[in-house]
> 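Provided herewith is a single structure, encoded as C-alpha cells, for subsequent inquiry.
Here the structure is a predicted model, which means the values were calculated and not measured.
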Amino acid sequence: MNQITTLDEFIIKRQKDFSYATGELTGLLRDIGVAAKIVNREVNKAGLVNILGNYGGENESGDQVKKLDIFANEKFIDCLSNSGECSGIASEENDDIIHLEGVDGKDGKYVLVMDPLDGSSNIDVNVSVGTIFGIYRRKSDTSGPCKLSDFLQQGSELVAAGYVLYGTSTILVYTTGRGVNGFTLDPSIGEFCLSHRDMKIPDKGIYYSVNQGYYLKFDVELRRYIDYCSDLNLRLRYIGSMVSDIHRILFQGGIFLYPNTRKYPKGKLRLLYECNPIAFIVEQAGGKAINCKLERIMDLDVVELHQRSSVVIGSPEMVDEMMEFIKRYQEPATSELPQA
Ligand code: AHM
Ligand code: MG
C-alpha cells in the first residue's frame, strides 16, 4: 500500500532536517495550509453563494477588487494571526503592512508577503486562480513590532515561498530552499497529501505564455522574440493567472513573460509578492527568472511594497536562449556600425 504523507507530516519531518529550526517556520507553513483549505472551500462554492462579483472598491493598483479577493485576504490574515509566528503581512490587497499581535508575549520572527487571490478576473468564469506567498526572517528586533524594512528584502533572502493553485484539483507547492514539493488536496480527508516530490522543471518545453494582445505595446526586441517563439511553432497558452500559467510551465517546460508595456513601463506584476516567490520556486526546481533588462529577479532591490517588475520565467535553456536573443538583437549589426 502506498504510504500517504500529509503536508503537516512533511513539514514536521523537514523541520528535523534543519539544525537551527525551532518550529516557528513549521507553524507558519501549517497556518498557510489551513488558510488555503478555507479559501479552497469558498472558491469551490463560489457559484453557489453571493460571493462572486465586485466588492465595489479598488486596490492599491487601481484594479477592481472582487469579493473573493477580500475573503481570501481576511482568511490568510486570520490564520496567520493565530499562532504568533508571523509578526506582519504585506498583501496585494492592503496599501500598508499589517502588524500582527504576538501570542503569549512572543513576537514572531517572520513576516509574510502574499497575493491572496492571484488572477482574480478568472473567478466569475470558473477558471483557475491561485495564492502566492513568501516568508522572510525579520531584520528588526523581535521585541517590538515589525517594520517596513523587514519586507523590503531581496528575493534571495526568502526563507520559504509557495503557491496554491485552485484548479481542477487544488495543489500547494512550496520550497524552503531545499527543492520543491507539491501537495494535492484530498477533499475526502481534507488534507494536502504529498503528490509531487522534488519537482524539476524540464530544461526546455513547447509552451510560451504571454498576453499577446499587448504585442504592439512591447519593446521591439520583445516583439521579435515573440515572433521567434511563434516561428518555432511553440504553443501559446495564457490563462491570465500567473500561478496557473507557471504551474503548467513547471510541469511541462516553457517560458512565461510579462514584459513592460506602454501602460506599465516597469511591468505589471508585483516584485515582492508575485515575482520573487515564484522566482524562488522556479529556481529551486532548476529554472530561471529574470526581468526584461536581463537581471536576475531575486537580486533586484525592493524599495516599495507594491513595486512592479517585468518578468521572464521558465525552463533554463529557454530563458538563456531568450537572453541571447535579446542581447543579439540589441547589438547593432557590424554592417550598421559607422565606418572609421
Ligand atoms: P491580480 O493579482 O490582480 O489578479 O493580477 C495579476 C495577474 C497575473 O496573475 C496574470 O499573469 C496577469 O495579472 C494578467 O494580466 P493581464 O490581464 O494584463 O494579462
Ligand atoms: Mg496577482
> Using every non-hydrogen atom in the two residues, find where Leu7 and Gly33 come nearest and quote the distance to one decimal.
CD2-CA, 4.1 Å

> Taking Glu101 for its side chain and Ser87 for its backbone only, find out whether a donor-acceptor pair lies under 3.5 Å.
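Answer holds: no.
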
> Taking the ring of Phe183 and the ring of Phe10, is the distance between their centroids below 6.0 Å?
yes

> One pair to check against side chain to side chain contact (heavy atoms under 4.5 Å, CB included): Met298 and Gln154. What are the steps and the verdict?
CA-CA 6 Å; Met298 290 176 71; Gln154 291 188 349; over 6 Å; no

> When you measure from the side chain of Asn291 to the backbone of Lys293, do you find a donor-acceptor pair of N or O atoms at a distance under 3.5 Å?
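Such a contact is found between Asn291 side chain and Lys293 backbone.
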
> May I ask you to check whether Asp8 and Thr6 show a side-chain donor-acceptor distance below 3.5 Å?
no

> Per the side-chain contact (heavy atoms from CB on, under 4.5 Å) rule, which among Val312, Ile278, Val311 passes with Phe256?
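With Phe256 as partner, Val312, Ile278, Val311 yield a single side-chain contact (heavy atoms from CB on, under 4.5 Å), made by Val311.
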
> Do you know the tightest heavy-atom contact between Cys193 and Asp186?
SG-CB, 4.2 Å

> Can any side-chain N or O of Asp141 pair as donor or acceptor with the backbone N or O of Ser143 at less than 3.5 Å?
yes

> Before giving the answer on side chain to side chain contact (heavy atoms under 4.5 Å, CB included), spell out for Val282 and Lys288 the whole-Å C-alpha distance, their side-chain angles and the decisive distance to 0.1 Å.
CA-CA 6 Å; Val282 171; Lys288 295 196 172 179; over 6 Å; no

> Assess whether a salt bridge exists between Arg296 and Glu283, defined as any Lys/Arg side-chain N lying under 4.0 Å from an Asp/Glu carboxylate O.
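A salt bridge is present here (some side-chain N lies under 4.0 Å from a carboxylate O).
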
> Using only atom types and a distance under 3.5 Å, with no angle test, would you say the side chain of Ser315 pairs donor to acceptor with the backbone of Pro202?
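Checking the backbone N and O of Pro202 against the side chain of Ser315, a donor-acceptor pair under 3.5 Å is found.
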
> Determine whether a donor-acceptor pair (N or O, by modelled atom type, separation under 3.5 Å) exists between the side chain of Asp219 and the backbone of Leu222.
no

> Asn94 and Ile77: which non-hydrogen atoms are nearest, and at how many Å?
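Heavy atoms of Asn94 and Ile77 come nearest at OD1-CD1, 4.3 Å.
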
> Any chance the side chains of Asp227 and Tyr215 put a donor and an acceptor closer than 3.5 Å?
yes

> For Ser310, does its backbone N or O pair with a side-chain atom of Asn260 as donor and acceptor, under 3.5 Å?
no

> Please write out which residues are connected to Ile206 in a hydrophobic cluster, directly or through intermediates, given that two of Ile, Leu, Val, Met, Phe, Trp, Tyr count as joined at side-chain heavy-atom separations below 4.5 angstrom.
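Members besides Ile206, by chain and number: Tyr207.
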
> Can Leu28 and Leu112 be said to form a side chain to side chain contact (heavy atoms under 4.5 Å, CB included), step by step?
CA-CA 9 Å; Leu28 214 163; Leu112 182 110; 4.1 Å; yes

> List the steps and the verdict of ring pair (Phe, Tyr, Trp, His ring centres under 6.0 Å) for Phe325 and Tyr228.
CA-CA 9 Å; Phe325 188 100; Tyr228 172 70; 5.0 Å; yes

> Which pair of heavy atoms, one from Leu271 and one from Pro277, lies closest together, and at what distance?
O-CD, 4.3 Å

> Using modelled atom types and a 3.5 Å cut-off, is there a donor and acceptor pairing between side-chain atoms of His306 and backbone atoms of Arg270?
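The answer is no, because no donor-acceptor pair under 3.5 Å joins these two groups.
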
> Just by distance, with hydrogens left out, do Ser91 and Asn73 show a side-chain donor and acceptor under 3.5 Å apart?
yes

> When you measure from the side chain of Ser128 to the backbone N and O of Ser244, does any donor-acceptor pair fall under 3.5 Å?
no

> Between Asn40 and Thr170, does any side-chain donor sit less than 3.5 Å from a side-chain acceptor?
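Yes, Thr170 and Asn40 have a side-chain donor paired with an acceptor closer than 3.5 Å.
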
> Quick one: closest heavy-atom pair of Thr142 and Lys109, and the distance?
CG2-CA, 4.1 Å

> Taking only residues two or more places apart in sequence, or in another chain, which ones meet Tyr238 in a ring pair (Phe, Tyr, Trp, His ring centres under 6.0 Å)?
none

> Within a radius of less than 6.0 Å around CZ of Arg224, do more than 12 heavy atoms belonging to other residues, nucleotides or ligands occur?
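Yes, the 6.0 Å shell around CZ holds more than 12 heavy atoms from other groups.
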
> Salt bridge between Lys200 and Asp198, side-chain N to carboxylate O under 4.0 Å?
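Answer for the salt bridge query: yes.
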
> Between Tyr166 and Thr131, is there a side-chain donor-acceptor contact under 3.5 Å, judged purely by atom types and distance?
yes

> Take Phe151 and Tyr136 through the test ring pair (Phe, Tyr, Trp, His ring centres under 6.0 Å) and record every step on the way to the result.
CA-CA 7 Å; Phe151 295 86; Tyr136 287 97; 8.1 Å; no

> Please assess Glu324 against Asp320 for the test side chain to side chain contact (heavy atoms under 4.5 Å, CB included), listing each intermediate value before the final yes or no.
CA-CA 6 Å; Glu324 288 309 311; Asp320 284 345; 5.7 Å; no

> Within the 3.5 Å criterion, strictly below it, is a donor on Ser140 or Arg138 matched to an acceptor on the partner's side chain?
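Arg138 and Ser140 do have a side-chain donor-acceptor pair below 3.5 Å.
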
> Quick one: does any side-chain atom of Asp245 pair with a main-chain N or O of Ile239 as donor and acceptor, under 3.5 Å?
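Checking the backbone N and O of Ile239 against the side chain of Asp245, a donor-acceptor pair under 3.5 Å is found.
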
> In terms of heavy-atom contacts, does CG of Asn126 have more than 12 from other residues, nucleotides or ligands at under 6.0 Å?
no

> Does the Gln307 side chain pair with the main chain of Asp301, one donor and one acceptor, at a distance under 3.5 Å?
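Answer holds: yes.
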
